[in-house]
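Here is the structure we will look at.
Below, all heavy atoms of this structure are taken into account, side chains as well, without hydrogens, waters or symmetry copies. Throughout, protein chains are lettered first and strands after them, A, B, ... in sequence-line order, and every chain is numbered starting at 1.
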Amino acid sequence: MTKNDPIIVASDLTIAYELHRERKKLVALQDISLAVDPGEFVVLVGPSGCGKTSFINAISGLVPKASGSVTVRGSEVTGPGPDRAMVFQDYALLPWRTVESNVRMPFEFQDLGISEAEKNKRVKECLELVDLTGFEKSFPYELSGGMKQRVGIARALITNPDILLADEPFAAIDAMTREAMQAEMERIVMETGQTCVFITHSIDEAILLGDRVIVISYRPGKIKEVVNVNFPRPRMSNSAVKTSKEYAELRDHIWNLVKDEASQTNRGE
Amino acid sequence: MAATKNKSLQQFDTDDPNRIQDIGWTFKEVWRRTRGTVVVSINLITFFILWELVVIYGDINPLFLPKASEMFAELWVGLTTRAPEGAVFSGSILDHFLHSFNNLMFGLAIACLIGIPGGLLMGGNKYIESILSPYVWALASLPRIALVPLFILFLGFTTKMQVTIIVISAVFPIMINSWAGVKTTEKSLLAAARVFGANRVQLYVKVVLPYTLPFIISGIQQGIGRGLIGVVIAELFGGSSGLGYLIQRSADTFNTAMTFAVLLLLIVMSLSLINFTRWLEAYVAPWRNVNHI
Ligand SMILES: Nc1ncnc2c1ncn2[C@@H]1O[C@H](COP(=O)(O)OP(=O)(O)O)[C@@H](O)[C@H]1O
Ligand SMILES: [Mg+2]
């Protein structure tokens, strides 16, 4: 393996779920082939229910594959590993733990050989990063949806994982905070060289953050098109990006792709 | 990383010292916190006064319904005197109460020792679950009173028999609740713990157990209710001590004031224990009582 080989490789990946009370399987994702390079930021877009969550769950090792393969650094994914962290769509915070204790959780389960002082420092940094300083002792039920999601983000970043999987992390966050979080996300990824697979419903977010935008079709989920985004980084702080002609064209293009799929959803196909 | 923190986030600065304010002790606040108790007290006092008046002016046979004041007098005397050393029978409510209460606590402790691990094991392992669940459901659905004659046959009119009946009454709600807690542990919490590296033991100890704790407590709460029924039944059937026995004997000797006093004591004991577990449940799992939309 050399440094520039793809870090995540999915080949002919198919994911199926058994249907309740029926001897049938629902194919959520079919024959997905995708290679993600180290440090690349890949964004998945597609209509609700097309299998985006299933795809990153296959990378994280939470969902078994029906056929095909997913490899991370050349070895087959059989379960979760410390090289991959995840931000969950439904937050998945432990309700009996404080914000701080939730963020610290990965340290309890992974032996990274770092000192207690170092861990405390990381927790503090990550909470500051997501602007939750002062809420260390709060419980998740005392927070708004956006704040909970920021706890989830801090928890995913705490161990500095090579691969960050994010399932609509900013969906519940208000527009202004979201913009700040997007900028933060871009900065973190640029700084740490993390590889990121990111799901969003927002086409703007996809273009602003992604090196590549993967449009997934509806039922069964297949890759409809891969759109390359070549704006120089950092993009968030560069207002010229959003006003450029290429941006508008890309946006229209992706919007049309997704709209086709979404309208099929409405027809119930 | 923190040093280059994005400036635009600063406008949402959240640790404003004014965010947490003292509520203080205004009259309104005191009333808000005590009104429940005040209303209940007035309600109960009215109830007992009406009771007293109905008996005095209603020409009711005191054998059927004693005056409320007589009941309280009996309760007071019964709780403040003990039987003399070496007495065969005790007329002291306190003696019988302690007997019943100790049995109940002992029985509940054993029921927890069996029910909690049993339920956790059944929830955690599907083989154990499929082996044990038919028996658990069978015994849980059987009215426990039906077993009393059998236990009397096995164990005689002993404290052991009484405790056994309490255990068999209380163990199933505790077991079934613990089991249900494990089974309903939110999948996304398990997924998150797995993603961040938890092994099977850690999943169980750090996710499933805390999630199940409030379920266990509400199981114990139901167990207390069932256990109390068990206490009284066991003592009504046989034995020469306990509140159940005292109810029986006072009724036999036409001392209805005593009967009512014991009934009142049972109600108070049951409500206190159940409210304690409610409080405990709310204390360990505050997130369950939040009505977030
Ligand atoms: N655990 C599951 N059991 C059965 N079907 C599932 C399960 N998870 C997802 N699905 C189905 O798989 C499809 C894709 O789901 P998902 O990956 O969550 O889509 P997305 O994240 O794009 O909205 C949906 O049709 C959904 O109903
Ligand atoms: Mg999803």
**Message:** Within the structure provided, determine whether B:R194 and A:L62 are in side-chain contact (heavy-atom separation under 4.5 Å).
**Reply:** yes
**Prompt:** Heavy-atom distance under 4.5 Å between the side chains of A:F88 and B:V195, does that happen here?
**Reply:** yes
**Request:** Any chance you could measure A:D90, atom CG, to B:E186, atom CD, to the nearest 0.5 Å?
**Result:**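 The CD atom of B:E186 is 7.5 Å from CG of A:D90, to the nearest 0.5 Å.
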Taking [atom1] in [X] as the centre, count heavy atoms belonging to other residues, nucleotides or ligands within less than 6.0 Å. Is the count above 12?
X: B:N199; atom1: CG; result: yes
X: A:F231; atom1: CZ; result: yes
X: A:K119; atom1: NZ; result: yes
X: A:E76; atom1: CD; result: yes

Could you report the tightest heavy-atom contact between [X] and [Y], atom names first, then the distance?
X: A:P95; Y: B:L189; value: CD-CD1, 3.9 Å
X: B:P210; Y: A:W96; value: CB-CE2, 3.2 Å
X: B:S188; Y: A:A92; value: O-CB, 3.5 Å

**Prompt:** Can you say whether A:L93 sits under 4.5 Å from chain B via the side chain, the backbone, both, or neither, judging by heavy atoms?
**Reply:** backbone
**Contacting region of A:M86 [heavy-atom separation from chain B under 4.5 Å]** = both
**Request:** Using non-hydrogen atoms and a 4.5 Å limit, figure out which bit of B:K187 sits close to chain A: side chain, backbone, both or neither.
**Result:**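 Neither part.
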**side chain to side chain contact (heavy atoms under 4.5 Å, CB included) partner of B:F196, the single match among A:E108, A:R84, A:R155** =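 It is A:R155, the one option of A:E108, A:R84, A:R155 that forms the side chain to side chain contact (heavy atoms under 4.5 Å, CB included) with B:F196.
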